[in-house]
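Computed from a prediction, not measured in an experiment: that's the story for all the values here. Lettering of chains follows the sequences in order, A, B, ..., and the numbering in each one begins at 1.
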Amino acid sequence: MTDGPGTGAAAAVEHYVSTEPFDPRAIEALSPEQERYYLASQWRLMWWKLKRHRLAVISGGFLLVMYASILVSEVLAPYNLHTRHVDSIYAPPQSIHLFDRGRFVGPFVYGTTYRLNMENLKREYTENTKEVYPLHFFCSGDSYDFWGLTTARLHVVCPAAGGTLFILGTDRLGRDVLSRIIYGARISLTIGLIGITISFVLGMTIGGVAGYYGGWVDMIVQRLIEILQSFPQIPLWMALSAVLPVTWSPILIYFGITVILAMIDWTGLARAVRSKLLALREEEYCMAAQLMGARPGRIIGRHLMPGFMSHLIASATLSIPTMILGETALSFLGIGLRPPITSWGVLLSEAQNINVVALYPWLILPAVPVVLIILAFSFFGDGLRDAADPYK
Amino acid sequence: MIGYVVHRLLIMIPTLLAISLIVFVIIELPPGDYLESYVAELESQGESVDPKEIEFLRTQYGFDKPAHQRYLHWLVGMVQGDFGYSFEYRLPVSEVVGDRLVLTILISIATILFTWIIAFPIGLYSATHQYSWGDYGLTFIGLVGLATPNFLLALILLYLANVVFGTSIGGLMDPQYLDQPWSLDKVLSVLAHLWIPVVVIGTSGTAAMIRRLRANLLDELQKQYVVTARAKGLPQFRLLIKYPLRMAINFFVADIGSLLPSIISGAELVAIVLSLPTTGPILIAALQSQDMYLAGSFLMFLATLTVVGVLISDLALAALDPRIRLQGGSTR
């Protein structure tokens, strides 16, 4: 391609020289997009990776909505938690209709008539299509104590005057099951979060100390973990919650149960922290920190832990479902939380008897949110774990 | 190998001792004791209690001794096969426990077998057909199985059986055999009822097992020895059985250790819902009435069962995997 000597035509070709200043590093320069990627913090990278995981994002959104709902349970629930409807005991779910005999009325429910079948003493509820009760939205209904601050009556949805609105039926005291599920979320969802916080702190401290110091401390912690893990979880939980005195106030019982759940759960986390720290404490930056006189607490907390914190949080997310299930199981058996505290497990304990379930199947409905929340936490935790893994 | 077995057996002793101490502390924690609640119950029914009788019982069962003496007494008794006395049933603990413990063990073993039989082919299929519709479908079913608490599954099955078939599937044998001595008919009846609790308890374990087997096999399938074997023209199925599966079996066996505690946990709960004559219902009653020897022995039995399960899995693993046998370490 080069011009050899003797080809006169070459002189005619203009030699092109760019007038722009020459930048020898042009090839190393990053496009803004690349720059954004390379300079992003670890958490930002995680967020980008998580966003690509469709199911995890959906689950995360669902969890966010559920947790947001416990802030305003009183407003969302059509009835107050403790309102009893003496004339609708074990009323079946009422379905919501839009059209009444071909005429559009908007969402409404039909009235119900109650009859006690004198032959088998069964309560029979039949739909009375003559009575039409349109639903009211953002209306004034049962009064409630909003977080113990003010008394209010605002509800998102409430029944028409004189009518009832039991979308998921009522229980043996005539309390609306849907309202109780909405209120129950408050206890069931927070018990997992508080429990995991306690177990997180326990696991990091104990696992951190064992991994950093090694030697006989490590030996003892290892044996302790092995012993705790060889207990079947639920019998141990059962035994521990039987220890809680009956005379405790409901709120104390709530915290007692949370602590019990956490006390057995920290072992897995402690193991992960320990094995990571055993490797990391040999690194040079750790030695540098030691030489500069940092104390062990600072080295563990400031220099070693942040390196795999994201991973720890992901695995902690995956163990929240175990806690929620544990509380549900204990309360279901009647040795966890007790009424008047309302959690999904407490609601399910009404469905303990198969005869009750056969007659009033809507009493197992509190199981639905339990399953959904657990699925959501597993999907979300899976996505988080993948996102936290830098080698993927 | 013998050295390894002896080493493993010796390690068990301090573990069991520590477990017994924890169990003792737990059953000692509640304020008061069985005799106090017994007296309170009698008095609430308007019956008078002879303080001398209570005092007699108190000394008879060592309630007046300090805690460490009672612990030693309990421990020594257990080693000699005397598990104490159940106040609730007015029988020696071993008589109350006997049959129920056998049934618990039976259900646990059946559940482990069930888990393996189901998880093995499904995991194999999922791994070899990664990202196919079958894989997605099975993974989804597995996840739902993982998320459904097993006592709920039991309730739902009970409800369905009641509504669809009009029968009750609770219990572990037909009612007419309840107080009968063991006979062939009774065994058959137990076997006919056994599948329900086994399915219910095994579901979540199976789902977890499938997921792990799939992940493990997927890792193995990409290794070079598999590529080599494939390049040499080994038929697909034979190759699968011959190499990667052997590696995966190791972890299958190692998993008994973590599977067993969860199976026993699940069995306790499901037993209460399905009213099975296993340890679950009695354990909870004993805990509630502070029948301490009974509750303590139950906890102790269940923990021992797990420890023995882990031992068996470790030994089987050592037999399967020369790396463990020769290094004398364990994989857990």
Which pair of non-hydrogen atoms, one from B:Leu152 and one from A:Ala367, has the smallest distance, and what is that distance?
->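 Looking at all heavy atoms of both residues, the shortest contact is CD1-CB, 3.2 Å.
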A:Leu236 versus B:Leu299, closest heavy-atom pair with distance |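 Minimum heavy-atom separation between A:Leu236 and B:Leu299: N-CD2, 4.4 Å.
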Rounded to the nearest 0.5 Å, how far does [atom2] of [Y] lie from [atom1] of [X]?
| X | Y | atom1 | atom2 | value |
| --- | --- | --- | --- | --- |
| B:Thr15 | A:Arg223 | OG1 | CZ | 7.0 Å |
| A:Leu333 | B:Leu269 | CG | CG | 5.0 Å |
| B:Leu283 | A:Ile234 | CG | CD1 | 11.5 Å |

Any idea which of B:Val307, B:Leu155, B:Ile11 has the most non-hydrogen atom pairs under 4.5 angstrom with chain A?
->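 The option with the most such pairs is B:Leu155.
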Under 4.5 Å from any heavy atom of chain A - which part of [X]:
| X | result |
| --- | --- |
| B:Ile19 | both |
| B:Ile26 | both |
| B:Ile22 | side chain |

Tell me, for [X] versus chain B, whether the close heavy atoms (under 4.5 Å) come from the side chain, the backbone, both or neither.
| X | answer |
| --- | --- |
| A:Leu348 | side chain |
| A:Phe332 | side chain |
| A:Pro321 | neither |

Heavy-atom neighbours of A:Met219 CE exceed 12 at 6.0 Å =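 Count not over threshold, so no.
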Do you know which of A:Ser241, A:Ser378, A:Ala329, A:Ala351 has the most heavy-atom pairs with chain B at a distance under 4.5 angstrom?
->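 Of the candidates given, the most pairs with chain B belong to A:Ala329.
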Taking the side chain as every heavy atom from C-beta outward, state whether A:Thr328 and B:Phe151 have any atom pair closer than 4.5 Å.
->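 They are in contact (side-chain heavy atoms under 4.5 Å apart), so the answer is yes.
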